[in-house]
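A short write-up of the structure that comes next.
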Number of protein chains: 2
Amino acid sequence: MSIPVTILDVAERAGVSPATVSHTLNGKRPVGKETREKVLRAIEELGYVPSWNASRMKGGKSGIIGCLAADITETFVNQIVRGIEHGLTGGEFSLFFVSGIEFGNDLKKAYDFLKSHKVEGILFCHHLPIWKEFNLDIQNSTIPIVSVNMDTPNMISVIPDNYTGGYQAAEHLYGCGMRNPAMICGPQDRLSVQDRLKGFSQRVKELKLTLPDDKYFGTYDYNHGFSATERLMKEHPLTDGIFCANDYIAAGAIACLQKAGYHVPQQVRVVGFDNRDFSEFWNVPITTFELPLQEMGMLGVSILKQIINTGVYHTEKRILQSRILPRESSKG
Amino acid sequence: MSIPVTILDVAERAGVSPATVSHTLNGKRPVGKETREKVLRAIEELGYVPSWNASRMKGGKSGIIGCLAADITETFVNQIVRGIEHGLTGGEFSLFFVSGIEFGNDLKKAYDFLKSHKVEGILFCHHLPIWKEFNLDIQNSTIPIVSVNMDTPNMISVIPDNYTGGYQAAEHLYGCGMRNPAMICGPQDRLSVQDRLKGFSQRVKELKLTLPDDKYFGTYDYNHGFSATERLMKEHPLTDGIFCANDYIAAGAIACLQKAGYHVPQQVRVVGFDNRDFSEFWNVPITTFELPLQEMGMLGVSILKQIINTGVYHTEKRILQSRILPRESSKG
DNA sequence: TTGTAGGCGTTATCAC
DNA sequence: GTGATAACGCCTACAA
């Protein structure tokens with residue numbers, strides 16, 4: 001498509017040495033005013049841009065942070081990525097984003113790919129424990145890794161407090177008058193679901209209330225919310241407060257309850273999770289929890305930067321609180 | 001953090017020459033079985049991964065495609081990006097994803113960044129004509145660029161057919177009994193909005209119906225839909241069919257109409273656009289149009305690949321049809 | 001089947 | 001203030 005312009009071309013055109021061109025660009029030593037102008041003009045005219053590869057051949061630093069993420073169309077992923085991008089502004093590092101999809105979810109391959117690009121750190125952004133498959137590599141990885149969203153053993157993790165979210169949901173629903181609680185969960189293999197359930201159960205127990213044995217596990221969507229609620233209200237007709245593992249489920253639950261003639265929130269209170277874009281405007285606005293996703297991304301970057309710059313690695317968990325957004329679906 | 005392992009280290013450990021290591025890895029010449037095993041073992045033990053930078057120093061090919069995108073939390077962006085990722089599977093190319101945010105939306109800077117990484121092609125994924133600022137650079141860019149989603153002059157563009165979407169919306173609403181149409185638009189500066197409006201207006205005109213002069217421009221959200229509808233029904237009480245520029249607006253419109261005592265769709269029909277995740281489950285399921293976002297991403301990649309591999313560049317527009325999803329909000 | 005040597009574009013070191 | 005030169009890690013002729 002075109003012959004790449006090198007520093008030699010610029011040097012020749014400006015009538016100077018390549019070294020001078022280099023120093024004009026990254027100012028590591030003084031350059032005469034007139035020379036500098038000649039060089040800059042030549043660069044402009046030739047459309048020269050230094051080759052990143054060649055630059056990185058010398059020194060170690062690549063100035064790149066890699067991000068290995070699940071499906072980018074998932075809200076939790078793209079929110080975190082956005083936070084990462086924000087954390088990156090300043091130009092010290094740039095982001096090499098890699099989705100599992102590109103590698104057929106072969107994590108090892110994706111990891112090696114990032115390594116081959118000499119990334120100085122990796123942000124791991126997933127919702128499933130797929131790291132297990134290549135656990136060994138991670139443990140003695142020569143590249144610092146921060147796991148955002150998943151609590152990953154032996155790895156620095158930035159995670160949302162799903163447990164406390166569940167706990168607060170119970171507390172809130174109790175305050176709104178709930179005495180016969182129930183929970184409709186999402187996929188059983190998700191840590192987020194398990195933690196929300198644990199927190200909810202704990203507070204329910206403390207309040208001397210009881211929960212149905214069935215936790216109504218299922219997919220994270222509207223249809224599951226609807227059908228699970230149908231079953232729940234048949235099996236436990238006295239239920240007057242439902243904690244749903246996310247807002248899609250909550251939306252389905254509310255629709256089902258209304259169809260069955262229950263008043264929400266007067267007869268049955270509903271709380272969701274994740275604060276989806278529709279939750280605020282649902283026909284009964286949904287009480288929910290907002291996860292600090294962007295903050296998590298930013299924190300992940302800042303931890304990684306610190307490790308890279310200091311060389312000090314210290315396995316730790318950083319837990320960020322979720323925030324309850326009380327709305328009509330649970331009002332006393 | 002660690003001394004990088006080079007091909008020399010592997011060669012030494014395996015007791016062979018660096019060339020043999022190289023050829024073991026990319027199989028461009030036969031390697032003895034025993035030698036191969038020694039080499040592979042050494043690689044394994046040392047955790048060696050070839051340096052991408054060094055590999056790409058020789059030949060021109062970097063094997064990287066760059067993607068310059070707007071805010072990744074926007075559905076249209078992340079759907080397209082996902083399509084791109086799918087189009088990339090096969091391993092011929094990998095994706096360097098760069099968000100405008102990282103560069104403070106300085107497109108020129110982002111472009112140079114990609115260029116410095118020797119990307120072989122760029123996918124441009126935006127919704128605003130910000131390319132104008134650096135139009136010149138793009139026109140004689142040495143790197144092939146494909147614009148996905150935006151119809152960009154003098155550039156290969158893969159775009160959704162918003163015009164026909166609007167046209168079909170009018171057709172559909174007419175078939176459902178609409179005789180007094182109206183449209184509630186989104187942001188006036190968006191091409192998508194303008195095209196949807198043009199298509200809708202055209203069909204309305206052909207049907208010998210009339211549209212209010214006011215097109216109710218505003219933000220792409222629920223609140224705008226609600227308040228615009230309030231105003232619309234006051235100014236044009238006979239309105240019996242509303243085409244909303246997207247589903248958020250449609251949701252607000254439906255809520256407003258219901259609150260004001262109108263029956264949807266019996267008295268007023270509503271059609272949205274974009275098929276958001278809630279549209280199917282809204283209390284009146286929303287008739288909408290599904291954009292072929294992932295397909296657009298895949299097509300963008302495939303065009304770019306072709307250009308890169310053949311060297312033949314031919315400015316063209318590829319227009320992909322949107323698909324109507326008839327639901328209750330517009331039923332006759 | 002394997003080894004040796006030169007070159008890719010840049011920057012750091014040394015000399016002027 | 002500026003120029004020559006070696007070195008980075010890999011690939012690929014060419015030689016053996």
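Because the structure is predicted, anything quoted here is derived from the model rather than measured. Just so it is clear: chains get the letters A, B, ... in the order the sequence lines come, proteins before strands, and each one is counted from 1.
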No-hydrogen, no-angle side-chain donor-acceptor test under 3.5 Å, Asp71(B) and Thr73(B): yes
Sugar-phosphate only, base, or nothing, as touched by Asn53(A) at under 4.0 Å among non-hydrogen atoms: nothing
Any donor-acceptor pair under 3.5 Å from Lys115(B) side chain to Pro50(A) backbone: no
Distance, rounded to the nearest Å, where Arg29(A) contributes CZ and dT10(C) contributes C1': 14 Å
Nucleotide nearest Ser51(B) (side chain, heavy atoms from C-beta), chosen from dC10(D), dA4(D), dT10(C): dC10(D)
Residue Ser17(B), side-chain heavy atoms: nucleotide from dT4(C), dT2(D), dT11(C) that is nearest: dT4(C)
d(NZ, Lys38(A); C1', dT2(D)) in whole Å: 11 Å
Nearest-angstrom distance from the residue atom CD of Glu37(A) to P of dT2(D): 12 Å
Asp151(A) side chain reached by Leu191(A) side chain, heavy atoms, under 4.5 Å: yes
Sugar-phosphate only, base, or nothing, as touched by Ser22(B) at under 4.0 Å among non-hydrogen atoms: base
Integer-rounded Å distance: dA7(D) C1' and Leu8(B) CG: 12 Å
Ala19(B) side-chain proximity, nearest of dT4(C), dC10(D), dG9(C): dT4(C)
Sugar-phosphate only, base, or nothing, as touched by His23(A) at under 4.0 Å among non-hydrogen atoms: nothing
Whole angstrom value for the distance that separates C1' of dG7(C) from CZ of Arg56(B): 17 Å
Below 4.0 Å: OP1/OP2 of dG3(C) and any side-chain N or O of Thr20(B): yes
Separation of dA7(D) C1' from Ile7(B) CD1 (nearest whole Å): 17 Å
Options dT2(D), dG9(C), dG3(D), nucleotide nearest the side-chain atoms of Thr35(A): dT2(D)
Proximity to the side chain of Asn26(B) - top-ranked nucleotide from dT11(C), dC11(D), dT2(C): dC11(D)
Atom-pair distance (NE2 on His117(A); C1' on dC10(D)), nearest Å: 14 Å
Residue Tyr48(A), side-chain atoms from C-beta onward, closest of dG3(D), dT12(D), dT10(C): dT10(C)
dT12(D) OP1/OP2 closer than 4.0 Å to side-chain N/O of Lys28(B): yes
Sugar-phosphate, base or nothing in reach of Pro18(B), heavy atoms under 4.0 Å: nothing
Protein-nucleotide distance (Glu12(B), atom CD; dT4(C), atom P), rounded to Å: 13 Å
Whichever of Ala54(B) and Glu34(B) has its nearest DNA chain C nucleotide further upstream toward 5': Glu34(B)
Side-chain donor-acceptor pair present, Tyr48(A), Ser116(B), cut-off under 3.5 Å: no
Residues, nucleotides or ligands: over 12 heavy atoms within 6.0 Å of Glu74(B) CD: yes
Closest approach of Ile64(B) to Phe93(B) (non-hydrogen atoms, all atoms of both residues): N-CD2, 4.0 Å
